[in-house]
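Notes follow the structure.
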Protein chains: 2
Amino acid sequence: MNAFELFNPTKLVFGPDKVQQLGELVKPYGTRVLLVYGGGSIKRSGLYEDVLSQLEGIGASVHELSGIEPNPRLTTVNQGIEICRAENIEFVLAVGGGSVIDAAKAIAAGALYEGDVWDFTVFKAVIQKALPLGTVLTLAATGSEMNGNAVITNWETKQKRAFGSKLVYPKFSILDPKLTYTVPVNQTVNGIVDIMSHVFEQYFSLTTDIPLQERFAESILLTVIENGEIALANGSDYDARANLLLAGTYALNGTLATGVTSDWATHGIEHEVSAIYDIAHGAGLAILFPNWMKYVYKERVGKFVQYAERVWNIDANGKSEEEVALAGIEATRAYFTRIGAPATLGELGINGDQLDRMAEEATQFGPIGNFKKLSKEDVLSILEASL
Amino acid sequence: MNAFELFNPTKLVFGPDKVQQLGELVKPYGTRVLLVYGGGSIKRSGLYEDVLSQLEGIGASVHELSGIEPNPRLTTVNQGIEICRAENIEFVLAVGGGSVIDAAKAIAAGALYEGDVWDFTVFKAVIQKALPLGTVLTLAATGSEMNGNAVITNWETKQKRAFGSKLVYPKFSILDPKLTYTVPVNQTVNGIVDIMSHVFEQYFSLTTDIPLQERFAESILLTVIENGEIALANGSDYDARANLLLAGTYALNGTLATGVTSDWATHGIEHEVSAIYDIAHGAGLAILFPNWMKYVYKERVGKFVQYAERVWNIDANGKSEEEVALAGIEATRAYFTRIGAPATLGELGINGDQLDRMAEEATQFGPIGNFKKLSKEDVLSILEASL
């Protein structure tokens, strides 16, 4: 096990109708609020009115930034930063899924930074301060509700980049499983894949002697695999939705990363795909991850054997280690297909034209990943296998 | 799954020689420090000098309270409170195991309270403020390094009571597995039992649809069972000690309690035994827990079947549910015995004289526990089975 620091000060408030606590949760941070959200779904569901009612209850002055994109854009983030400055915003409230939360984090940090918020994503600057933010989560997926990470896209340069800071952990996140009942099937699928992918990035590690972290990771995978199918069969199954929400949060709240050298190559590659084609992150990950697995599993076959046996219940009897490992990878692909996730870039209308550019961009700072260090050529191979 | 709040702002700093960061960790909170520790073990190990050197490095004015008992006493806590008041202490630093940390929490809260700190344990008062505290952990056991709970003993009235507050979460806890190399075998055993018991209290719940919490709990148990034996065979096995430390922290840092109605009856009963006989908490739990299990398992046999199969790998083939459940309970007792924990109160020289008093005290505020509500008579039955 590696040395590590674990610090996560986000307060989770979990359960039905917890949005009724929103006013009291926001109040300590001020009353000049920027409300950030995506499309019209929170208006259709009635959540928008519940949020406004809570904010009115504490006498808040509310400004709004709506229309956050599924891959949130720098230009949109900059609009939010402008509002914060012009209106002396004291608190940023994200109501939505991971994209909305990520945009809110970028806004919160950018509002108190004189330069371009993009600087944080290209190591030109480090976040020194940020407005406090909170979230009302409407989608089990990114884990952004309980961490300090965010991903934003520069649509002009076709670049999708991440940043992280302890200063943009949400002060609170409200998780009401009922708010996810109306998530469409394709977004539920993408969320399931996203959660599982976050686990993969940390689980497939060369770090040894991490039995607890491994079992925690397997616990999340088993929970998501089972409850994902239940939620897809019945979107209003409270327990399935609750289990997905909690699993999504724990997949990326620091627990699985304790003492572990994680990978994140597949996320890096997917970011290049969605930066150019604006596809859903979860869809890109569903296509890429089994191909990454096939490309790297020989680096430590035993880890993939453990994955196959513990997560997919593959019977190792009479099989070679390699056969067991590959059976686990095939089971992953089969599950993704069974729940309706794409298996090839072609299904999304993406051909091979831009693969070289993606591989180039993904490795612009050097080889990526840790389970196996991937060069541009390695990335290209994985992308080609994904066509 | 129940509704819940999860909030844990303690920063864990985990790894070899992390005590070298102590100075910088303490510094933001002030330089007038009360150093709280137990017996001489931190002097023998050299940790005491490392701690002082770190505190000197930030120009701290250090006052000391040593001799914290294994079941920390109110009288000792009151000495610490006196020092805090007389010396205008700004930060309480606990160096030791759970007892030292619990005492430090009581001191930190009591120093800023005009009444008797015992009030917090008997619901006469709620903690409104507390001095900041931090810890250097030397024993994998109580989880006190990452929660807001503490247990203290009033030796005059023979009462052992707990309190909890968000205000006494340690600001930081330094966990260096190497610092636990010299923990004696019996204390390592007690720590293992304590960690497993914390899991039991939350795992054996009537709350349904908590697959993630259950698997997390099983993950901790499997990790402790395996690494406990390794650490007992070789006290200086870094990975085994590291895995025990991390498991101990996660067993009681809020993770397992999310959305779960937990039990805590066995802890309540054990507190009455050790309040009178001053035995080690872990020893008392080892004696009592399998007897609690046998007394209550029929409330939900399926949960005990799951425990037997997933944790102890009991083969259910050809067995009734009841037989599988009982086999899991027997496996628990067998493991405790194998690692050298006591199985009966008699082994510790305790006879039946005080059982009635213990049962009376344990249920003074009404029936205890949730998996099965235990009356005084129930508690007495479990105690009698433990003789």
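So that the names make sense, note that chain A is the first sequence line, chain B the second, and so on, each numbered from 1.
Looking only at side-chain heavy atoms (C-beta outward), D263(B) and E201(B) come within less than 4.5 Å of each other.
Annotation: the span from Y181(B) atom OH to N234(B) atom CG amounts to 8.5 Å, rounded to 0.5 Å. In this structure, L206(A) CG and R300(A) CZ are separated by 5.0 Å, a value rounded to the nearest 0.5 Å.
When G15(A), S219(A), A3(A) are compared by the number of non-hydrogen pairs under 4.5 Å with chain B, S219(A) comes out ahead. Between chain B and the residues T255(A), N8(A), N227(A), the largest count of heavy-atom pairs under 4.5 Å involves T255(A). Note: L222(B) leads T208(B), T10(B), L222(B) in heavy-atom pairs under 4.5 Å with chain A. Annotation: maximal heavy-atom pairing with chain B below 4.5 Å, among L6(A), T223(A), N2(A), T258(A), occurs at L6(A).
Proximity to chain B (any heavy atom under 4.5 Å) is shown, for Y169(A), by neither the backbone nor the side chain. Residue Y238(A) touches chain B through its side chain alone, counting heavy-atom pairs closer than 4.5 Å. For Q213(A), the part lying under 4.5 angstrom from a heavy atom of chain B is the side chain only.
Using modelled atom types, one finds a donor on one side chain and an acceptor on the other under 3.5 Å when comparing E145(B) with T249(B).
Nearest approach of A231(B) to A240(B), heavy atoms of both residues: N-CB, 3.9 Å. Between I225(A) and W312(A) the shortest heavy-atom distance is CD1-CH2, 3.4 Å. For K303(A) against S205(A), the heavy-atom pair with the smallest separation is NZ-O, 3.8 Å. The nearest pair of heavy atoms linking P170(B) to K105(B) is CD-CE, 4.1 Å. Taking each heavy atom of I195(B) and L244(B) in turn, the nearest pair found is CD1-O, 3.8 Å.
Residues of residues 130-140 of chain A placed with any heavy atom under 4.5 Å of a heavy atom in chain B are absent; none qualify.
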